[in-house]
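The analysis underlying the following values was restricted to heavy atoms, covering all of them including side chains, and did not include hydrogens, waters or symmetry mates. These numbers come from a predicted model, not from an experiment. Quick note on labels: first sequence line is chain A, next is B, and so on, each numbered from 1.
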There are 2 protein chains.
Amino acid sequence: MTISQKNARITIRTVAADAGVSVAAVSKVLRNAYGVSEDLRSRVEASIARLGYRPRAAARAMRGQADTIGVLLPDIRNPFFSDIMDGVHAALERTRYQSLVGISQSAWSIELALVDAMTDRPMDGLILVAPRMSAADVTVTALRTPTVLIGHHEPDATLFDTVNDDDELGARLVVGHLVAAGYTDIAFLSLAMEDPMNLVVTSRREIGYRAAMVEHGLSAHIDIVRASGSPRASQAAARRLLQGRQRPQAIFCWTDFIALEVLSVARELGLCVPRDLAVVGYDNTSYCDLLQNDLTSVDQSGQVLGLQAARLLIERIKGRTTAEHFLATPRLVARGSSRPRSPERETL
Amino acid sequence: MTISQKNARITIRTVAADAGVSVAAVSKVLRNAYGVSEDLRSRVEASIARLGYRPRAAARAMRGQADTIGVLLPDIRNPFFSDIMDGVHAALERTRYQSLVGISQSAWSIELALVDAMTDRPMDGLILVAPRMSAADVTVTALRTPTVLIGHHEPDATLFDTVNDDDELGARLVVGHLVAAGYTDIAFLSLAMEDPMNLVVTSRREIGYRAAMVEHGLSAHIDIVRASGSPRASQAAARRLLQGRQRPQAIFCWTDFIALEVLSVARELGLCVPRDLAVVGYDNTSYCDLLQNDLTSVDQSGQVLGLQAARLLIERIKGRTTAEHFLATPRLVARGSSRPRSPERETL
DNA sequence: CTGAAAGCGCTTACAG
DNA sequence: CTGAAAGCGCTTACAG
């Protein structure tokens with residue numbers, strides 16, 4: 001950060017005058033364009049340093065380059081999105097791009113307004129994380145600005161890239177793990193989406209859950225409950241599940257964030273985890289490691305997703321027009337919340 | 001969101017031609033400036049709607065109005081910052097301003113780069129949350145752009161506004177609460193800051209803690225440990241405290257985020273909370289309510305802080321030049337992690 | 001290698 | 001009430 005006076009705004013003109021060259025020359029030095037002599041370059045660089053000149057992104061944006069990529073996050077309460085941002089930051093570190101984040105608070109209307117606002121800023125490209133908007137709106141956005149979606153399965157999309165975890169496999173891993181640990185009555189606390197499009201999107205995990213249950217001969221135990229993902233809704237759904245006549249032995253939760261609420265409700269009801277109830281989350285966020293949670297989860301490496309998304313986006317900005325669809329392989333991380341059942345002890 | 005073709009960019013010119021008026025007229029309608037007839041206005045509005053025209057913020061920014069305020073967040077892992085953003089969003093809801101967030105990941109160098117980048121975008125104003133940068137850098141920033149700081153005590157500042165919680169009082173509340181509950185040996189797990197300036201800033205809570213301990217005749221028990229706030233550092237500090245020869249009865253933690261790590265370490269060491277160790281956090285984030293944490297905390301209402309900051313910033317953008325310094329009153333929220341000691345039971 | 005000039009999409013005095 | 005023109009701070013062909 002360098003000092004500049006408030007009154008006399010320092011522009012490319014000031015620098016040009018100071019260095020005794022043309023405005024165009026300064027611009028070239030700024031952009032490392034060729035066709036500048038060493039002498040001119042060093043003079044200009046000296047002036048820039050002396051004056052503390054900084055190019056205005058807005059003016060550049062008018063000529064096509066905003067040097068900014070926008071990231072749309074549904075909320076920042078869920079720490080999984082921090083992991084994604086870590087990946088984005090890592091990918092952008094040595095580039096000219098800055099990332100600016102818009103937070104939609106999981107509200108469909110805010111999301112639309114935010115995407116429009118970002119498009120209008122403008123941004124060179126957009127990373128939309130788990131968007132709620134319709135396929136049509138995504139299309140409109142992608143037509144205007146290079147776009148990469150995270151957490152939106154649409155492998156046939158041609159207008160934008162997608163970066164996903166193999167959610168079907170993730171759900172299968174969970175069921176397989178729980179079955180191996182001796183649990184058979186496994187419920188799935190899934191996410192209720194506002195938008196019809198996303199029903200298709202999000203059901204990947206439900207598909208995996210169903211398929212795995214069937215394959216393990218547990219189709220009679222299939223039980224999918226959907227809630228909005230807010231703490232209140234998650235708690236209510238957990239209570240319904242746990243106070244019902246047929247309390248499940250295990251609950252597979254849409255996210256860690258929801259699983260933490262389930263753990264809380266279990267404790268409230270006097271249930272001991274995992275003896276009375278096994279709980280599994282999704283995302284393997286840092287909260288899983290805390291021993292008061294000790295939560296088994298599926299690692300879908302938000303960092304890798306964020307990193308890939310940013311890389312793909314830069315490629316798109318640089319001109320790639322064919323779509324890329326990246327699919328990461330999830331990994332189950334077993335912890336105390338799903339320890340194997342010991343039938344002998346159970347009768348004590 | 002409205003549809004627009006990729007090829008033919010729709011600008012204010014397109015609209016003017018379509019409506020059969022001048023570019024200036026369209027601009028006036030856009031900005032609700034006076035001096036436009038009803039007839040002209042409705043014609044222009046019809047064209048805007050028909051064409052799906054959206055003004056470019058970058059072009060506007062070049063004339064002074066970016067309609068954007070930047071929020072600098074140190075990290076998004078700590079849910080307290082979500083609360084702040086909720087407040088900012090609430091304040092901005094009915095205004096023309098959009099908020100765009102930069103995440104510094106608590107790194108001093110990233111923070112500087114980000115603030116510069118935001119200033120260059122440019123933004124109409126900046127909200128800096130718990131900045132790590134030096135006083136000099138804050139000054140430079142505030143000279144360039146209207147600025148409000150959250151979590152930076154500097155009541156004499158004239159160039160920018162500040163919004164704070166009364167941190168000294170907050171710490172006093174904690175000590176008072178713990179003493180009333182029967183705890184006397186109370187350690188403070190505080191934050192180690194990189195920058196010398198912030199030592200002054202952050203020590204408010206340490207001042208409050210010290211003063212309250214002295215007032216309660218507990219000066220012999222004063223014990224301040226500082227760690228960087230990362231999960232790893234917090235855990236290490238907690239281990240040192242809890243495995244030392246003189247294990248404290250209670251630990252007051254800089255944030256909930258850190259307190260959660262302390263709870264985890266306590267469990268790892270086989271300590272029962274609050275019987276063997278009381279824990280108190282700060283921020284009263286949503287995690288406190290989870291029964292596996294059941295964490296007593298100080299509510300400094302991030303929402304209120306965010307709301308105030310955004311309001312003050314808008315006033316500044318509109319021309320206020322005198323500084324305002326807002327101080328919120330914290331509130332202690334008692335939960336299970338600091339339940340009163342029962343001396344009789346202790347001997348069992 | 002270097003620079004004058006046009007233009008990106010708006011807003012803002014200023015005439016009419 | 002309405003519009004022509006200058007200008008915000010850059011970049012980009014295009015001459016020289």
query: For the pair made of OH in A/Tyr53 and P in D/dC10, what is the distance, rounded to whole Å?
result: 3 Å
- prompt: Base, sugar-phosphate alone, or nothing: which one does A/Ser27 contact when heavy atoms must sit under 4.0 Å apart?
  reply: base
task: Mind calculating the distance between CD1 (B/Ile10) and C1' (C/dC10) to the nearest angstrom?
output: 16 Å
- prompt: Out of B/Leu313, B/Leu149, B/Leu312, B/Thr141, which one pairs with B/Phe160 under the side chain to side chain contact (heavy atoms under 4.5 Å, CB included) rule?
  reply: B/Leu149
- prompt: Looking at the side chain of A/Thr11, which of D/dC1, D/dC10, C/dG3 is the nearest nucleotide?
  reply: D/dC10
field: Whole-Å distance separating the CG atom of B/Asp124 from the P atom of C/dT11
entry: 13 Å
task: State plainly whether the residues A/Arg54 and B/Asp120 are in salt-bridge range, i.e. N to O under 4.0 Å.
output: yes
- prompt: Under 4.5 Å between any side-chain heavy atoms of A/Val29 and A/Leu40, yes or no?
  reply: yes
- prompt: Base, sugar-phosphate alone, or nothing: which one does A/Ala25 contact when heavy atoms must sit under 4.0 Å apart?
  reply: sugar-phosphate
message: So, does B/Arg54 get its side chain near the phosphate of C/dG9, meaning an N or O under 4.0 Å from OP1 or OP2?
response: no
Closest to side chain of A/Met62, choosing from C/dG3, C/dG9, C/dC10: C/dG9
query: Do B/Val129 and B/Pro74 come within less than 4.5 Å of each other through their side chains, counting heavy atoms only?
result: yes
message: When you measure from the side-chain N and O atoms of A/Ser22 to the phosphate of C/dG3, is any distance below 4.0 Å, counting only OP1 and OP2?
response: yes
- prompt: B/Ala59 or B/Glu38: which one's nearest nucleotide on DNA chain D is closer to the 5' end?
  reply: B/Glu38
Sugar-phosphate, base or nothing in reach of B/Val23, heavy atoms under 4.0 Å: base
- request: Find the distance A/Lys28:NZ to C/dA5:C1' and express it as a whole number of Å.
  value: 13 Å
query: Between D/dG9 atom C1' and B/Arg63 atom CZ, what is the distance in whole Å?
result: 11 Å
query: Would you say the side-chain atoms of B/Arg56 pair up with the backbone N or O of B/Ala58, donor to acceptor, closer than 3.5 Å?
result: no
field: Candidate nucleotides C/dC10, D/dT11, C/dG9, ranked by approach to the side chain of B/Ile12 - the nearest
entry: C/dC10
query: In terms of side-chain heavy atoms of A/Arg60, which of D/dT11, C/dT12, C/dA4 is nearest?
result: D/dT11
task: Tell me which nucleotide among C/dT12, D/dG3, C/dT2 gets nearest to the side chain of B/Val21.
output: D/dG3
field: Closest nucleotide among D/dT12, C/dC1, D/dC10 to the A/Pro55 side chain
entry: D/dC10
message: On the side chain of A/Arg9, is there an atom forming a donor-acceptor pair with the base of D/dG9 - under 3.5 Å, no angle test?
response: no
task: Let me know the distance between CG of A/Asp120 and C1' of C/dG9, rounded to the nearest Å.
output: 12 Å
field: Interatomic distance, A/Arg121 CZ vs C/dG9 P [rounded to whole Å]
entry: 17 Å
query: Any donor and acceptor pair, going by atom type alone, linking the side chain of B/Arg43 with main-chain N or O of B/Val21 inside 3.5 Å?
result: no
task: Return the 5'-most residue of the pair B/Arg56, A/Val36 with respect to DNA chain C, ranking by each residue's nearest nucleotide.
output: A/Val36
- prompt: Within this structure, what is the CD-to-P distance between A/Gln65 and C/dG7, rounded to whole angstrom?
  reply: 21 Å
message: Need the pair for C/dA4. Rule: Watson-Crick or G-U wobble, both distances under 3.5 Å, any strand; none if unpaired.
response: none
